[in-house]
Amino acid sequence: MNKKHIMAAAAAALCASSVAFADIPMAYYASLDGKCGQELKTAIHNLVSTSVKMLSYGSGQDHTWWGFYVTDFKMDGTKRQVIDRYSNETFYFGNRGSSVSGMNIEHSFPKSWWGGTSNNAYKDLFNLMPCQKSINTSKSNYGMGVVTNVTTENGCTKVGTGADGIKLWEPADKWKGDFSRGYMYMATAYQDFTWEGQGLNSLQQGAYPTLKPWASELYIKWAKADPVAQIEIERNQAVADIQGNRNPFIDFPNLMEYVWGDSISTPLNLRTTLKSSAVSGDSGEDTPNPIVLYSETFKESDGGCTASGTADIWKINSKYGYVGSAYYSNAAHEADASITTPVISLKNLLTATMSFSHAANKLSSTVPTTFFSVSIIKDGGTPVDISSKFSWPKGTNWNFVDTEMDLAEYIGHEIQLVFRYTSTASVAGTWEITNLKVGGTQTAGIEDIIVPDDADNDADLNAHVEYYSLDGRRIDPATARGLVIIRQGRRVTKTIIR
């Protein structure tokens, strides 16, 4: 059957782990639109808890302190001062990844509330902050609230009991909104947890409302009194760049009202609700939206890659990523081993690129591509060598080299990347690969839709009626209001549904 292309509205669907925006990414939040109350809270939970990538807990590269170096600092001259939301003391970062003397990693939502398991909540940077040690000890595992009987105070944080005798801690006024939005995020992202201990003073079991009424009322009050500031916007973006998810209560300051407050029966309208900063991907035009299709450091997992050839050549290393080596038992060995990525779809993209970092050593002066190569498989076909497209390490040191390649010629296809390691009985080098990313840009808005060429009469055309919002989202005409785009076969019209 012949096909014809007609213009219709369609949205670019972006997953939570694959968006990196400077502004609020509206496409990321599309699943929340039109929801309220319990349904909205569950939609937020599904959004922010899916496909996230947490740093490891503690100090060192790609650990918590590594993240704090970019999420919780301000410049003091040439020095990087730590932002401490729990005290007024001054601390400075040293080398990135190193812990700061006199400070702890503090769980705002105490880990004992879920039994201390080292899960995502244990490592979530939206829940972790650098904190002066002594106040960290004093606040223990108490919940956040109004302290009426103060037992410890450092000029920034109060610790004591509330009016009903519950042990609590209370942040300074300038941080109350920040911590309140953090508590809202945690009560939503981890609403499926079973709470215990001190957590039961602030939380109740179940996906909704999770926060006890006194807690949600107080945190909404504090969030209104201490609105989202630039420092909070910047931290939200910095954490998003690391983990792939965002705190929507920062991006949309009134979102809390639709979950716990005065609008729990009012459907959320993402386009009109209050936002803390500029948005992207919401103009209704063909605006390119960044999208990451594959991202893996290979420091904690194989990223879904499959190994073939000589066994046990490729191994995961927590510091260096995928490491290929056939030097063992104090000798070089002949080997031929490859790792192949999962299938990555480049369909419906405007641009596409890939990048990775790699190091090569133990090769004397031999060019690395003599033994190492990169190939690409298009649509399940034969691998094609693309090694010449990349920058290569010298092969005689451990210095990583960043390199990238334009994948424009593969747009519209599915690809796999193959990293091949070879060695001989006399030369067995080491190849380290990390930070492999494949991404590009995708258009939200109007795109080509294919319909049958023989849909010529009204009955046939009515079988292809679809309704879209101006920003390209498929909508239900029974609940839609305002200006919409109607696609009926070849005909595209704009109309107002009242």
Side-chain angles (χ1 to χ4, degrees), residues 45 48-49 52-60 62-72 82-87 89 91 97 99-100 102-145 147 152 154 156-160 166-172 175-203 210-212 215 219 222 232 235-236 238-239 242-243 245-247 249-250:
H45 165 79
V48 302
S49 63
V52 294
K53 189 171 184 61
M54 306 297 181
L55 296 176
S56 299
Y57 185 85
S59 58
D62 296 326
H63 285 63
T64 310
W65 281 106
W66 181 267
F68 285 166
Y69 190 86
V70 295
T71 62
D72 297 278
V82 183
I83 298 174
D84 183 3
R85 294 165 178 80
Y86 295 93
S87 83
E89 288 196 42
F91 301 90
S99 58
V100 175
M103 303 197 81
N104 291 140
I105 300 170
E106 167 62 351
H107 291 81
S108 179
F109 241 53
K111 55 185 179 290
S112 64
W113 289 9
W114 63 81
T117 306
S118 298
N119 48 28
N120 276 356
Y122 188 91
K123 300 176 287 185
D124 196 327
L125 288 176
F126 285 121
N127 187 41
L128 303 180
M129 305 277 185
C131 176
Q132 191 261 4
K133 281 186 176 181
S134 62
I135 197 64
N136 180 31
T137 300
S138 297
K139 67 185 287 294
S140 187
N141 60 354
Y142 308 151
M144 182 174 67
V147 175
T152 301
N154 66 357
C156 185
T157 300
K158 299 176 184 177
V159 181
I166 296 175
K167 293 180 179 179
L168 298 167
W169 70 279
E170 180 179 346
W175 299 120
K176 283 179 178 175
D178 302 57
F179 281 115
S180 293
R181 285 177 281 271
Y183 265 49
M184 294 173 191
Y185 165 89
M186 289 297 293
T188 305
Y190 303 103
Q191 64 183 27
D192 52 341
F193 279 19
T194 298
W195 309 107
E196 58 185 76
Q198 290 285 337
L200 294 175
N201 292 326
S202 307
L203 307 170
T210 310
L211 287 173
K212 286 191 171 181
Y219 302 154
W222 279 359
E232 198 174 355
R235 188 179 201 274
N236 189 25
V239 175
I242 294 170
Q243 296 185 174
N245 65 343
R246 304 177 68 87
N247 183 343
F249 297 101
I250 296 173

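The analysis underlying the following values was restricted to heavy atoms, covering all of them including side chains, and did not include hydrogens, waters or symmetry mates.
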| query | For the side chain of Thr64 and the backbone of Gly58, is there at least one donor-acceptor N/O pair under 3.5 Å apart? | reply | yes

Those residues at least two apart in sequence (or on a different chain) that pass side-chain contact (heavy atoms from CB on, under 4.5 Å) with Ser112 are Pro110, Asn141

Residues pairing under salt bridge (charged side-chain N to carboxylate O under 4.0 Å, His left out) where one sits in residues 179-200, two or more places apart or in two chains, turn out to be Arg181-Glu232

What one should report as the nearest heavy-atom pair of Asn247 and Phe249 is OD1-N, 2.9 Å

Sorted by chain and number, sequence neighbours left out, side-chain contact (heavy atoms from CB on, under 4.5 Å) with Ser56 holds for His63, Glu300

In this structure, CD of Gln191 is separated from CG of Leu211 (nearest 0.5 Å) by 10.5 Å

To the nearest 0.5 Å, atom CZ of Arg85 lies from atom SG of Cys131 at 11.0 Å

**Study point:** Short side-chain to backbone donor-acceptor contact, Thr117 and Asn119, under 3.5 Å
**Key:** no

Rounded to the nearest 0.5 Å, the CH2 atom of Trp113 sits from the CZ atom of Phe193 at a distance of 13.0 Å

Minimal heavy-atom distance between Ala187 and Phe109, with the atoms involved, is N-CZ, 4.1 Å

- Message: Before you tell me yes or no, could you show the steps for Phe68 and Ile105 under side chain to side chain contact (heavy atoms under 4.5 Å, CB included), namely the whole-Å CA-CA distance, both residues' side-chain angles and the distance that decides it to 0.1 Å?
- Response: CA-CA 9 Å; Phe68 285 166; Ile105 300 170; 4.0 Å; yes

Is the shortest heavy-atom distance from the side chain of Thr210 to the side chain of Thr188 under 4.5 Å?
no

Nearest heavy-atom contact between Val48 and Ala189 is CG2-CB, 3.7 Å

Contacts of Ser59 meeting side-chain contact (heavy atoms from CB on, under 4.5 Å) (sequence neighbours excluded), chain-then-number -> Trp65, Ser99

Sub-4.5 Å side-chain heavy-atom contact between Asn120 and Tyr190:
yes

*Is a side-chain donor or acceptor of Tyr183 paired with a backbone partner of Ser108 at a separation under 3.5 angstrom?*
yes

Are the side chain of Tyr219 and the backbone of Met144 linked by a donor-acceptor contact shorter than 3.5 Å?
yes

Those residues at least two apart in sequence (or on a different chain) that pass ring-ring contact (aromatic ring centres under 6.0 Å, His included) with Tyr122 are Tyr57, His107

Before you tell me yes or no, could you show the steps for Trp222 and Glu170 under side chain to side chain contact (heavy atoms under 4.5 Å, CB included), namely the whole-Å CA-CA distance, both residues' side-chain angles and the distance that decides it to 0.1 Å? CA-CA 11 Å; Trp222 279 359; Glu170 180 179 346; 4.0 Å; yes

### Query
Counting N and O atoms only, with roles assigned by atom type, does the side chain of Glu106 sit under 3.5 Å from a partner on the main chain of Asn136, one being a donor and the other an acceptor?
no

Contacts satisfying salt bridge (charged side-chain N to carboxylate O under 4.0 Å, His left out) that involve residues 108-136 (not counting sequence neighbours) are none

Rounded to the nearest 0.5 Å, the CD atom of Gln132 sits from the OG1 atom of Thr137 at a distance of 8.5 Å

Rounding to 0.5 Å, atoms CH2 (Trp169) and OG (Ser138) come to a distance of 13.0 Å

Between Asn127 and Ala121, the two heavy atoms sitting closest are ND2-O, 3.6 Å

Self-check item: Residues Val147, Val159; criterion side chain to side chain contact (heavy atoms under 4.5 Å, CB included); working and verdict
Solution: CA-CA 7 Å; Val147 175; Val159 181; 6.0 Å; no

Closest non-hydrogen atoms of Trp195 and Trp114, given as atom of the first, atom of the second and distance, are CZ3-CE3, 4.1 Å

Residues Asn201 and Lys212: closest non-hydrogen pair is O-CD, 3.6 Å

_Would the distance check show the side chain of Gln243 and the main-chain N or O of Leu125 forming a donor-acceptor pair, the cut-off being under 3.5 Å?_
yes

Do Asn245 and Tyr185 pair up side chain to side chain, a donor and an acceptor below 3.5 Å, judged on atom types alone? yes

d(Ile250 CD1, Asp178 CG) to nearest 0.5 Å is 7.5 Å

